[in-house]
Asker: 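I am attaching a structure below and will ask some questions about it afterwards.
Note that the structure is a prediction, hence the values are computed from the model and not measured.
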Amino acid sequence: MKFLLVALNAKYIHSNPAVYSLRAFAGKEMEPYIELAEYTINQRVDDILADIYLKKPDAIGFSCYIWNWKEIQELLMEIPKVLPDTDIWLGGPEVTYGAEKVLKQYPQLSGVMIGEGEVTFRELLQSYLFHRDFSQVDGLCLKSGYTKPRELTDLTNLPFLYENLEVFENKIIYYESSRGCPYRCSYCLSSIDKKVRLRNLEVVKKELQFFLDRKVKQVKFVDRTFNCNHRHAMEIWKYLLEHDNGVTNFHFEISADILNEEEISILNQFRPGLAQLEIGVQSTNEQTIRAINRVMNVEKLEKIVEAIHAGRNIHQHLDLIAGLPYEDYESFKNSFNRVYGMKPDQLQLGFLKVLKGSEMEQRAEEFGICYGSQPPYEVLYTKWLSFEEILFLKKVEEMVEMYYNSNQFEHVLPFLARAFESPFAMYEQLAKYYEEQGYFIQSPARSYRYQVLLNFATKVDAENVEIYKELLTYDLYLRENVKSRPSFCKDQSGEEYRNVAGNFYKREEETREYLPMYREFHWKQLWKMTHLELFDYPVWDVEQLVEQGKLEHPQGILFDYKSRNPLNYEARTVVI
């Protein structure tokens, strides 16, 4: 007997904790009968089919989500042709809701595992090995109907998944310290399971220490609202603060407006790069917030985000969703501007996905929400937002992703925003400029985006072109020590600059005043490994730039690429 558990991930760097958890919970005695196979949706379906065929499984279980359902459906049509005697089972959120419909659509299926699968899979496998009476297994949907509902699992009883880290090399590690969510957000499946279950804290600490000891790069908590239980969150954050290894980053999805002073205080003590927070704002329209069953104090949220920023040590990722009830184009613009004003390290513009089983699916007609028939079931239009407006918002999203979220233009964007009535207006006009230039069809290379932004800035704020050139030069060298200078950078090949730079690096070789970490290198090597740029404007401080304008004398800035900011990877800079 061989039961093949199959995962189709969105990207190679992703892993699928579900299939690993099913295998681990089945127990050591069952391991010989279980094989795992992970693929990505970017692989050809024919290649995946061929690989599954060569494994010759007796039964296959697919882990189904909105990002892989299309490819799995293709495989469901082909597998019975080449493996006619192989049973096929499905599980996961994409098939848990509406399982009967899925079985009617694909009669070749043996059944669907409903909800949490660990105990269900173990009993299913035992049925194969001992008596094959699937109707006695709770938590299944069979052609004959549903078996008894499966009780929720005690999270502490689930085995640790990562004893063998070699399997997860170069992949994101996902970790679960709780399941369920106390909130009722109508677009989210986690709201269905309102009972929050916590993994025993002593077990959690032991497992986190495993990651810390092995200096895993990043651990991403998949808890839906990590801080919904104050004691649980505090214990974990205190442990990470006390046992920080100086390397590992931990990602948490939180509800920021319920953070209290004690939690903020401990977060402010973290090493820069120890933690990053993902905060789902979704909208600042009060009517929208009520309609999606959220309870959120936006004013409090703003203050808390600012308090976390004050520590200058934690990356904050804030989310917005377009297509929610009562959010028209103007309202979404207001939401964007308000969240943008919170200065997140990343601002994600998402689009409503009407998930199977969610309250939003049940109320879609009421809200006039039309959405795609195929995964990811993304909104097409609503009573308040037209399809044309959503299409344009996707172009605005691309501009935000390319220019804001890349962290490559952190000094030029605040200055450029002054030329517009609002930050949203800036990205709106930038998207229109991209349309005019045909850049959405032929996207400019990453290095050329600096020039494109300069061309745009020249069009909307011509009197400050020289400032934009210097701002772009500064942002460029913060990221990398480019040897091929773009045309907007000042010519530094002349004798005057070479004398200034040469004298500086010769002096630095003697004093090691600014670059003590480079003691083994002579001055010519220092010159190659770092960068010295002369500026006519104080571009490193946008407020000073606005108030002061041009400097009396050119100012040298040294870029040190050995010392980088762990939050945005910018080089250390020193005013010379």
Asker: Only one of Phe134, Phe62, Phe121 clears ring pair (Phe, Tyr, Trp, His ring centres under 6.0 Å) with Trp89; which?
Answerer: Phe134
Asker: Does the Lys NZ or Arg CZ of Arg564 fall within the cation-pi geometry relative to Tyr561 - under 6.0 Å from the ring centre and within 45° of the axis?
Answerer: no
Asker: How long is the gap from NE2 on His243 to CG on Leu274, to the nearest 0.5 Å?
Answerer: 12.5 Å
Asker: Whether Lys383 engages the ring of Phe367 as a cation-pi pair (distance to the six-membered ring centre under 6.0 angstrom, angle to the ring normal within 45°) should be assessed.
Answerer: no
Asker: Determine whether more than 12 heavy atoms belonging to other residues, nucleotides or ligands lie under 6.0 Å from atom OH of Tyr439.
Answerer: yes
Asker: Before accepting this row, confirm whether a basic side-chain N of the pair Lys356/Glu361 lies closer than 4.0 Å to the acidic partner's carboxylate O.
Answerer: no
Asker: Should the pair Lys432-Glu435 be classified as a salt bridge under the 4.0 Å nitrogen-to-oxygen rule?
Answerer: no
Asker: Taking CE in Met1 as the centre, count heavy atoms belonging to other residues, nucleotides or ligands within less than 6.0 Å. Is the count above 12?
Answerer: yes
Asker: Should we count CG of Leu54 as having more than 12 external heavy atoms under 6.0 Å?
Answerer: yes
Asker: Are Glu398 and Lys395 ion-paired here, with the side-chain N under 4.0 Å from a carboxylate O?
Answerer: no
Asker: Please determine, by modelled atom types, if His317 and Gln276 share a side-chain donor-acceptor pair under 3.5 angstrom.
Answerer: no
Asker: Which of these, Asn405, Leu320, Leu347, Leu349, sits in a side-chain contact (heavy atoms from CB on, under 4.5 Å) with Glu397?
Answerer: Leu349
Asker: What do you reckon, is CD of Glu29 surrounded by more than 12 foreign heavy atoms closer than 6.0 Å?
Answerer: yes
Asker: Measuring centre to centre across the rings, with the benzene-like ring taken for any Trp, is Trp69 within less than 6.0 Å of Tyr377?
Answerer: no
Asker: For residues Tyr427 and Tyr340, establish whether the separation of their ring centroids is below 6.0 Å.
Answerer: yes
Asker: Supply the atom-to-atom distance Leu352 CG to Ser186 OG, rounded to the nearest 0.5 angstrom.
Answerer: 8.0 Å
Asker: Is a salt bridge present between Lys55 and Asp51, judged by a nitrogen-to-oxygen distance below 4.0 Å?
Answerer: yes
Asker: Which pair of heavy atoms, one from Ile321 and one from Phe351, lies closest together, and at what distance?
Answerer: CG2-C, 4.1 Å
Asker: Would you indicate whether Lys101, at its atom NZ, is surrounded by more than 12 heavy atoms from other residues, nucleotides or ligands within a distance under 6.0 Å?
Answerer: no
Asker: Checking salt bridge (Lys or Arg N to Asp or Glu O under 4.0 Å) between Glu202 and each of Lys205, Arg199, Lys206, which is the one that passes?
Answerer: Lys205
Asker: Where do Glu389 and Trp384 come nearest, in terms of heavy atoms and distance?
Answerer: OE1-O, 4.1 Å
Asker: Using the ring centroid of each side chain, check whether Phe211 and Tyr162 are separated by less than 6.0 Å.
Answerer: yes
Asker: Does the distance from a Lys or Arg side-chain N to an Asp or Glu carboxylate O, for Glu31 and Lys28, drop under 4.0 Å?
Answerer: yes
Asker: Could you tell me if the ring centre of Phe440 sits under 6.0 Å from that of Tyr434?
Answerer: yes
Asker: What is the minimum heavy-atom distance between Asn200 and Thr156, and which atoms define it?
Answerer: N-OG1, 2.9 Å
Asker: Would you check if the distance from the ring center of Tyr20 to the ring center of Phe168 is below 6.0 Å?
Answerer: yes
Asker: Starting from the C-alpha separation in whole Å, work towards a yes-or-no answer on ring pair (Phe, Tyr, Trp, His ring centres under 6.0 Å) for Tyr128 and Tyr33.
Answerer: CA-CA 10 Å; Tyr128 270 107; Tyr33 306 107; over 10 Å; no
